[in-house]
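Each chain gets a letter, A, B and so on, in the order the sequences are listed, and its residues count up from 1. Bear in mind the structure is a predicted one, so any value in this text is a computation, not a measurement.
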2 protein chains.
Amino acid sequence: MIASERMLSKLDLLVELTDKERTAVQALPFRISRQPAKADIVREGDWPSSSFIILEGFVATSKNTGEGARAITALHVPGDMPDLMSLHLPEMDCDVRAITNCVLAFVEHDQLRTLCREYPRLLHGLWKGTLIEAAVYRESVVNIGHRSALARLAHFFCEMMIRTNANQRKARAHFPLPLTQTDLADITGMSTVHVNRSLQSLRATNAISYDQGQVIIHRWEELLSMADFNPAYLHLPEEALTIGTDGHLKSLAPKGGA
Amino acid sequence: MIASERMLSKLDLLVELTDKERTAVQALPFRISRQPAKADIVREGDWPSSSFIILEGFVATSKNTGEGARAITALHVPGDMPDLMSLHLPEMDCDVRAITNCVLAFVEHDQLRTLCREYPRLLHGLWKGTLIEAAVYRESVVNIGHRSALARLAHFFCEMMIRTNANQRKARAHFPLPLTQTDLADITGMSTVHVNRSLQSLRATNAISYDQGQVIIHRWEELLSMADFNPAYLHLPEEALTIGTDGHLKSLAPKGGA
DNA sequence: CGTCGTATTGAAATCCTTCAATACGAGTGG
DNA sequence: CCACTCGTATTGAAGGATTTCAATACGACG
């Protein structure tokens with residue numbers, strides 16, 4: 001996939017674009033870079049002069065605790081720009097690592113700044129993207145701090161189901177999520193042993209399968225309720241929340257108004 | 001304190017401003033509103049047409065879990081704009097509540113949008129502010145997910161020490177933090193009983209006192225190490241991290257480079 | 001064919017929650 | 001002024017969720 005296309009389809013979830021704005025994004029000079037699984041892309045303390053958009057693969061932002069444990073603060077999927085914050089925060093406060101093999105497209109900050117200066121709506125879109133990222137963090141704080149191990153995992157799967165499918169035409173009840181149980185532990189703040197056991201309980205409900213890095217959702221409604229999941233915090237347009245039907249998934253419109 | 005002054009001193013921590021930009025901020029039409037403790041300021045699901053800056057008091061953003069528990073995702077101090085995200089995310093994904101009595105200054109979104117259009121550097125500053133908020137969430141995810149109860153509390157006190165003092169000339173080792181233990185429980189994701197006990201352990205180290213909503217830090221270095229705290233994620237300028245000396249606090253410059 | 005990372009399982013230890021009771025101060029109405 | 005209530009802080013004890021330690025299994029890879 002071409003970098004500008006990926007960036008445009010992400011921006012389409014955030015703002016309405018004119019042809020002129022699309023052309024401006026297409027004119028951005030991207031530098032494609034392939035990274036193997038586990039590669040450090042950016043490190044805490046770095047002062048990047050460019051940011052990247054993920055074309056393929058999974059990327060995590062993580063921080064190390066004093067005891068040497070690695071905490072994954074967020075998992076990023078194709079279309080995300082995990083280190084966009086460096087456009088305004090000069091020094092990185094977290095590591096950015098490739099979880100799987102991945103393909104990234106880098107753009108110089110200067111290019112992005114020029115783009116933002118000339119096309120305020122694109123700036124608006126990028127800002128909005130970072131605000132949604134913050135909303136995801138907010139939900140993470142709730143998830144990790146206030147839900148049981150089982151619910152935490154279920155919630156994570158729900159979120160990934162939506163986010164990895166957000167720019168597809170047809171969302172599928174079957175999607176790749178090639179994480180180790182150690183990754184899941186670092187994401188959810190639990191031990192690998194307990195991830196293993198909770199995963200077994202989760203499978204035992206028959207709501208979901210998770211093998212070989214492939215998630216298959218069998219009973220979406222049940223998974224939602226186990227996870228206490230409401231997709232509103234993802235701030236996706238209605239279309240992106242209406243899950244297509246390759247399996248037996250229905251719509252995801254939040255229930256009832258404010 | 002005048003609203004525009006508060007906003008300017010916050011912005012001064014984020015970007016360098018020209019006199020013209022200062023004047024533009026001073027010209028903003030603020031609407032002052034007093035809120036009693038526990039008042040709902042904005043609710044999940046609302047579509048606000050204005051945002052506010054805190055002049056006095058503490059405000060929390062919170063979400064309710066399915067089991068009816070209230071999770072506080074962030075605590076905001078004077079100078080913060082807790083619902084600024086509504087400028088770009090139309091629907092609120094969390095509640096915003098007054099923790100203490102507080103004084104707020106509301107500005108219409110239209111006014112902010114005009115300001116941003118005419119003064120890109122102010123826009124830059126506001127965006128940067130939201131990015132720092134995201135960085136605080138990142139650290140929260142680490143704190144809640146990967147540290148012990150004692151460290152979690154210690155970390156929270158460290159953060160509040162820095163953030164409440166960031167716009168003072170002279171930081172003090174003594175500052176107000178009028179929270180109930182229930183609030184602390186909702187913030188750190190623990191039970192009130194355990195907050196109570198952890199607080200006692202924390203006091204027993206003689207690093208800190210916390211009574212009557214007043215924090216007194218006796219041994220900053222020790223508190224830092226208990227908390228595994230590094231202020232880099234707050235992205236404050238050097239000056240704001242150099243703690244003055246009313247007690248016996250030293251500088252806070254992060255140790256060693258990347 | 002040995003090694004390494006990952007998944008799985010058992011058992012013991014511990015952190016933390018829950019339940020339950022008491023204490024204390026502020027505010028309210030008699 | 002007293003009795004009453006309510007929110008908050010504190011303590012004890014029991015139970016449960018999760019971690020840690022330790023061992024085994026399994027597949028990928030060189």
Side-chain angles (χ1 to χ4, degrees), chain A residues 36-39 58 60 65 67-72 97-101 143-156 176-204 209-215 226 228, chain B residues 36-39 58 60 65 67-72 97-101 143-156 176-204 208-215 226:
Chain A
K38 300 187 189 178
F58 290 85
T65 69
E67 292 90 41
R70 176 186 69 153
I72 293 182
R97 291 178 70 234
I99 292 288
T100 61
N101 294 338
N143 197 39
I144 295 176
H146 298 264
R147 285 197 261 258
S148 71
L150 193 74
R152 257 182 268 180
L153 279 173
H155 192 283
F156 175 70
L177 191 66
L179 303 174
T180 65
Q181 293 185 358
T182 305
D183 292 329
L184 281 173
D186 292 341
I187 290 169
T188 54
M190 31 200 284
S191 67
T192 58
V193 172
H194 203 51
V195 165
N196 185 288
R197 289 185 172 127
S198 302
L199 232 30
Q200 292 178 40
S201 321
L202 201 52
R203 279 190 279 249
S209 313
Y210 182 45
D211 275 308
Q212 314 280 12
Q214 295 285 325
V215 175
M226 274 193 291
D228 183 28
Chain B
K38 300 185 189 179
F58 290 85
T65 68
E67 291 89 42
R70 176 186 68 154
I72 293 183
R97 290 178 71 233
I99 292 288
T100 62
N101 293 339
N143 198 38
I144 295 175
H146 297 264
R147 285 197 262 258
S148 70
L150 193 74
R152 256 183 268 181
L153 280 173
H155 192 283
F156 175 70
L177 190 67
L179 304 174
T180 65
Q181 294 186 356
T182 306
D183 292 328
L184 280 174
D186 292 341
I187 290 169
T188 54
M190 32 201 282
S191 67
T192 59
V193 172
H194 203 52
V195 165
N196 185 287
R197 289 184 172 127
S198 303
L199 232 29
Q200 292 178 40
S201 322
L202 202 52
R203 278 190 279 250
I208 190 174
S209 312
Y210 183 44
D211 275 308
Q212 315 279 10
Q214 295 285 326
V215 175
M226 272 193 293

All heavy atoms of A149(B) vs all of M190(B), minimum pair found to be CB-CE, 3.6 Å
From CG of L199(A) across to P of dT9(C) the rounded distance in Å is 11 Å
*asked:* I'd like to check R203(A) versus D211(A) (side-chain heavy atoms, cut-off strictly below 4.5 Å). Are they in contact?
replied: yes
On a heavy-atom basis, the closest approach of I99(B) and A37(B) is O-CB, 3.4 Å
Rounding to 0.5 Å, atoms NE2 (H155(A)) and CG (N143(A)) come to a distance of 5.0 Å
Close side-chain approach of M226(B) and L202(B), heavy atoms under 4.5 Å: yes
Here the gap from H194(B) atom NE2 to L150(B) atom CG, rounded to the nearest 0.5 Å, amounts to 8.5 Å
**Message:** Any side-chain N or O of Q200(A) below 4.0 angstrom from OP1/OP2 of dT9(C)?
**Reply:** yes
Taking five pairs at each terminus, the helix from dT17(C)-dA14(D) to dG30(C)-dC1(D) shows an axis bend, to 10°, of 10°
Rounded to whole Å, the NE2-P distance (H146(B) to dT18(D)) equals 15 Å
Nearest heavy-atom approach of V195(A) to Q181(A) is CG1-O, 3.9 Å
query = Does CD in Q200(A) sit with more than 12 non-hydrogen atoms of other residues, nucleotides or ligands closer than 6.0 Å?
reply = yes
Regarding the side chain of R197(B), the nearest nucleotide among dC16(C), dA11(C), dG12(D) is dG12(D)
Residue-phosphate contact under 4.0 Å: K38(B) side-chain N/O, dT8(D) OP1/OP2: yes
Between NE2 of H194(A) and P of dA11(C) the distance, given in whole Å, is 18 Å
Review point. Between dT8(C) and N196(A), is there an OP1 or OP2 to side-chain N/O distance shorter than 4.0 Å?
Key: yes
Scoring nucleotides 24-30 of chain D by protein non-hydrogen atoms under 4.0 Å (B base, S sugar-phosphate only, - none) yields -------
Taken to the nearest whole Å, CG/L153(A) to C1'/dT18(D) is 13 Å
Is the closest side-chain heavy-atom distance between L153(B) and R147(B) below 4.5 Å? no
Here the distance between atom P of dT17(C) and atom CD of E67(B), to the nearest Å, is 14 Å
Which of K38(A), R97(A), R70(A) passes salt bridge (Lys or Arg N to Asp or Glu O under 4.0 Å) with D183(A)? Answer is R70(A)
Residues of residues 181-193 of chain A with a heavy atom under 4.0 Å from any atom of DNA chain D, listed by number, are G189(A), M190(A), S191(A), V193(A)
Practice item. Would you indicate whether the side-chain heavy atoms of D186(B) and T182(B) approach each other to under 4.5 Å? Key: yes
